[in-house]
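Step one of this worksheet: look at the structure below.
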Protein chains: 2
Amino acid sequence: MMQENAIEACIVPTSDSHQGEYVASHFKFRKYLSGFTGSAGTLVIGKDKAGLWTDSRYYLQAEQELRGSGIDLYKTTLPETPGIPEWIAGMNYRSVGIDGEVFAARDALKMCKVFNKQAIRLIDNFKPYALVWPERPSLPDSPLSVFPLKYAGKSVEEKLRELRAELSRQGADYLPVSGLDDIAWLFNLRGSDVDFNPVGLAFALISPDTNKLYTDKKKLDNSTLSYLKQNNIQLSEYTSLYADLDKLPAGAAVFTDTARINYSIYNHIPSHCRRVEGTTPTTALKSVKNPVEIAGFRTAMQKEGVALLRFWRWFEAALEEGKEFYETDLVRKMSEFRLEQENCKGDSFYSIISYNEHGAIVHYSPSESTKARILPDGYLLVDTGGQYLEGTTDITRTFSLYRGATPGEFKQDYARILKGNIALTECIFPSHTRGSQLDIMARQFLWKDLLQYGHGTCHGVGHFLNVHEGPQSIRMEENPEIIKAGMVMSNEPGIYRAGKYGLRIENMMLVVEKGESEFGQFLGFETLSLCPLDLKAIDKSYYTRREIDWINTYQRNVYNQLSLLLSEEEKVWLASKTKEI
Amino acid sequence: MMQENAIEACIVPTSDSHQGEYVASHFKFRKYLSGFTGSAGTLVIGKDKAGLWTDSRYYLQAEQELRGSGIDLYKTTLPETPGIPEWIAGMNYRSVGIDGEVFAARDALKMCKVFNKQAIRLIDNFKPYALVWPERPSLPDSPLSVFPLKYAGKSVEEKLRELRAELSRQGADYLPVSGLDDIAWLFNLRGSDVDFNPVGLAFALISPDTNKLYTDKKKLDNSTLSYLKQNNIQLSEYTSLYADLDKLPAGAAVFTDTARINYSIYNHIPSHCRRVEGTTPTTALKSVKNPVEIAGFRTAMQKEGVALLRFWRWFEAALEEGKEFYETDLVRKMSEFRLEQENCKGDSFYSIISYNEHGAIVHYSPSESTKARILPDGYLLVDTGGQYLEGTTDITRTFSLYRGATPGEFKQDYARILKGNIALTECIFPSHTRGSQLDIMARQFLWKDLLQYGHGTCHGVGHFLNVHEGPQSIRMEENPEIIKAGMVMSNEPGIYRAGKYGLRIENMMLVVEKGESEFGQFLGFETLSLCPLDLKAIDKSYYTRREIDWINTYQRNVYNQLSLLLSEEEKVWLASKTKEI
């Protein structure tokens with residue numbers, strides 16, 4: 001097919017048409033072609049050579065899965081590894097085919113710069129699926145249904161009004177939306193087309209006088225159809241967005257967020273239109289939670305807290321009884337406890353439950369082939385989260401499983417992490433502060449001892465939506481998005497001791513107003529997550545008086561908020577886990 | 001002249017051809033035309049209307065100085081004030097004249113974007129000086145002389161070798177340099193063409209096989225001429241840079257730092273050349289001090305420390321004796337004490353010495369018309385610095401002049417500032433950290449109480465060069481330049497209580513290596529400045545044990561380093577100022 005189309009190299013990325021973290025199997029062409037199953041990686045097939053580019057999380061896995069395929073592995077985190085466009089230019093391929101629908105516009109535009117310099121031709125609608133992938137799974141067709149106002153907290157009408165005000169403020173008439181969570185948020189709809197994210201495949205196009213939803217009609221029942229009608233949302237076929245873009249009138253100002261639309265959307269915006277560049281306003285509006293959503297998060301935290309401590313109590317007993325169980329059993333068990341809670345719709349991601357040295361592998365995901373047996377006198381890292389109608393949760397706790405005293409090294413590391421977590425939670429900052437300005441608060445106690453962690457400190461969290469949500473973040477890298485009151489974020493410093501253990505403490509936080517002065521508005525954080533810190537890991541001598549007070553206040557709050565939902569036996573157990581230090 | 005040249009508006013900025021902080025009187029055309037004497041402001045003369053754009057520091061002064069001139073004042077810090085190009089477009093002027101030689105390329109390019117959209121024509125070589133400014137001062141012709149290697153620490157040969165390696169690393173063949181301090185640093189020359197900065201008017205052009213210095217031959221004596229010859233530096237007339245740029249060969253890669261070259265230089269780079277954009281490598285290389293420069297800074301700090309404490313002691317006695325003296329007297333006196341020190345060449349900026357409410361005006365500069373009389377029971381802010389052959393200094397101390405106890409409000413503010421200053425000095429961070437990641441360390445204790453200061457926290461400091469030196473900084477705004485070992489920077493949090501006092505504590509710091517681990521190199525700071533903190537302003541109860549230790553260690557170090565250079569009487573006095581708390 002490449003030969004027929006005079007294409008000398010084609011590039012197959014991991015992403016779908018919506019640039020989400022999870023993709024439906026319909027889009028897993030890279031996995032199908034290469035056999036590599038990792039969640040990140042790009043395949044390049046040249047006329048006489050093929051390569052797969054992936055990062056350090058997947059080196060081992062990719063080597064195993066690519067063995068015998070004839071595909072070379074390119075390790076993106078090594079400085080000597082060429083970029084994909086540079087490699088293509090070096091191979092002297094003169095024409096490159098991609099499916100523009102599965103490339104973020106920004107990435108494709110970056111590649112184009114290199115290709116243009118080298119006079120390499122880009123064919124951006126190369127879609128060899130029909131011939132090459134006969135058994136391609138069809139698009140997912142799970143239902144898209146109404147997310148009740150009592151959970152969403154804001155009507156579609158109001159959201160559309162706010163969105164139009166924002167578009168007009170930024171001088172734009174039209175907004176194509178392709179983020180599945182943005183569309184779910186805007187229209188108060190939820191689906192189940194991809195793993196862990198309660199969203200459905202769709203596009204949207206907001207015009208001065210229409211609100212178009214592009215999705216498969218099969219996904220909608222009569223009540224949803226009438227809901228759309230009531231809310232003045234016009235329905236179109238999933239892929240007809242592209243044709244509608246072609247028809248945009250001359251002079252129209254079209255909002256264009258190259259990080260959040262695919263390259264085909266970008267190319268279908270007619271050249272007689274004007275592009276208004278920026279962060280998609282739905283992404284920005286969605287990140288600030290409304291009072292109902294915030295109240296919902298608090299409810300979800302209580303339910304998650306009960307599930308977490310039932311899980312903890314169960315696993316502590318099982319350990320004591322000498323039962324044989326593995327990391328994967330804990331993943332399953334955690335889901336079970338969570339699903340017992342009302343309005344719980346499942347996990348918000350595949351739990352990272354890792355024992356001892358597995359904890360030091362930051363993106364470790366327990367599987368049948370890797371699972372470790374849990375034994376006492378070790379450490380367990382549990383990073384887990386749930387999807388509740390009231391909100392999405394994400395938490396990490398690291399437990400000492402020692403029957404006697406926990407080794408001092410671990411307690412010192414625990415202090416480095418917990419002190420950073422507290423310092424970030426406690427900090428107060430002016431409005432208009434960016435995440436990179438705050439990041440050091442969480443890292444300072446590690447840096448003092450020449451330690452570091454390689455991931456970000458905080459990500460946004462969706463409301464019964466994606467557990468990783470933008471546009472804000474707190475990390476070392478610059479991100480121009482500011483932190484705003486009403487945002488919900490994680491706070492997750494960690495430390496990873498290769499061959500020994502990983503240690504991370506993650507709480508979700510709400511950004512709150514802290515007061516106003518002649519210098520403007522100041523903001524701060526309020527911790528939302530409700531699960532005790534492991535007292536066995538806390539050596540008081542590492543903490544200041546203020547930090548000890550913080551810990552005791554936090555533990556007391558966990559007890560007060562959860563005890564009403566517990567049996568007498570559980571209450572006693574929780575009291576022992578939250579006693580004052 | 002505008003009519004003759006068919007120009008409907010002309011723009012006259014404050015800057016010279018080198019984008020420095022201080023400009024020679026030859027370039028003070030804006031001041032000549034408008035009568036406004038402030039150090040920042042842009043004059044626009046339209047065919048039927050004129051305006052001056054300046055910031056909040058100068059509103060009062062500009063109103064007074066512009067009175068009766070027919071020039072309107074535009075306050076740049078007000079949101080409703082139009083930008084200059086937007087104002088010109090709004091006035092419907094169709095052609096704009098500027099002297100491209102006195103505009104930073106980046107600023108001119110930004111204006112061009114607006115002008116192009118509106119089809120406004122830009123004439124970039126409008127130079128009405130001869131007719132309009134008959135008594136224009138000629139270019140300064142003070143000597144440019146050799147800065148001895150024993151102070152500079154690195155030969156021109158070595159600097160050129162390092163510079164060429166860096167140019168080649170960045171893929172550039174040619175480098176035009178217009179920063180006066182960059183040229184002084186590169187060729188180990190010093191001059192006195194502008195106030196406070198020991199530099200001389202010149203350009204440079206580094207080619208693969210020549211090192212050209214463009215300056216007035218009159219500035220060079222025979223020994224300097226032979227020094228240039230020895231070092232393979234070719235001499236050309238000051239303004240012949242432009243013609244030389246015109247002759248650059250086709251395909252040449254020319255380093256282009258639009259923030260640091262003027263618009264005429266930018267335009268004289270032929271279109272058949274390729275531009276390599278970035279931060280001028282001399283600016284980056286100069287910012288990392290060599291061991292001789294670092295040792296020199298330590299010597300300069302001792303001399304400055306002696307001058308400061310003689311000044312302090314004198315003024316304390318004068319105050320006690322009830323002598324009548326004013327802020328301006330202190331500025332003069334400080335210079336006198338400083339000039340008594342060996343190798344001192346004067347002040348590194350006009351001292352900000354401000355009493356009580358004057359301290360709250362961040363850019364206050366005492367003058368005959370504003371000077372306050374210094375009386376006891378008040379506060380004095382002293383921000384001052386010197387030029388020594390061994391290094392440039394910059395320090396701020398704020399003193400309580402209270403005879404009895406200092407008011408608690410001031411002591412609390414002093415703690416907020418000093419705690420921030422210490423926290424920043426003490427922090428440890430990975431190499432590749434940017435300034436905006438560290439800034440919160442200095443501000444956190446203010447932010448906790450909803451307080452803030454409106455200036456940056458740290459700027460680079462030159463070595464017997466400019467007291468404000470780039471490219472690095474520590475401030476809230478993002479600056480992609482990383483902090484490197486060997487950089488010398490200020491650390492100057494402050495707080496400003498309108499109508500009462502200003503309080504700032506500034507020390508210079510050296511960036512030092514703190515060790516290496518599996519996570520790479522870590523850096524930290526070492527305080528260089530030697531002047532006691534005012535014990536009368538310190539209430540111990542606000543500080544942690546660690547902070548008190550830091551203060552005592554600092555004071556003890558000041559005593560140890562300075563006492564050898566003092567008389568017995570002075571030693572006793574210094575001991576009283578540095579006694580343990």
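Letters A, B, ... are given to chains in the order of the sequence lines, protein chains preceding strands, and every chain is numbered from 1.
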* Search all heavy atoms of A:Lys448 against all heavy atoms of B:Glu426 and return the closest pair with its distance. => NZ-O, 3.9 Å

* Minimum heavy-atom separation for B:Glu477 to A:Arg434, with atom names? -> C-NH2, 3.9 Å

Could you look at [X] and say if it's the side chain, the backbone, both or neither that has a heavy atom under 4.5 Å from chain B?
X	value
A:Glu516	backbone
A:Glu478	both
A:Leu451	both

* Asked: Between B:Arg443 and chain A, which part of the residue has a heavy atom less than 4.5 Å away: side chain, backbone, both or neither?
  -> neither

* Asked: Which one, A:Ser436, A:Cys427, A:Pro430, leads in non-hydrogen pairs under 4.5 Å with chain B?
  -> A:Pro430

* Do other residues, nucleotides or ligands put more than 12 heavy atoms under 6.0 Å from the CD atom of B:Glu526? -> yes

* Step through the shown structure and confirm whether more than 12 heavy atoms of other residues, nucleotides or ligands are within 6.0 Å of NE2 on A:His432. => no

* To do: Run the numbers on B:Gln437 and A:Gln437 for side chain to side chain contact (heavy atoms under 4.5 Å, CB included), then give the verdict.
  => CA-CA 5 Å; B:Gln437 294 176 261; A:Gln437 296 176 260; over 6 Å; no

[X] [atom1] to [Y] [atom2] distance, which is reported to the nearest 0.5 Å:
X	Y	atom1	atom2	result
B:Gln444	A:Ile440	CD	CD1	8.5 Å
B:Asp439	A:Leu438	CG	CG	10.5 Å
A:Phe519	B:Trp447	CZ	CH2	13.0 Å

* To do: Could you tell me whether the side chain of B:Ser517 and the main chain of A:Leu450 form a donor-acceptor pair under 3.5 Å?
  => yes

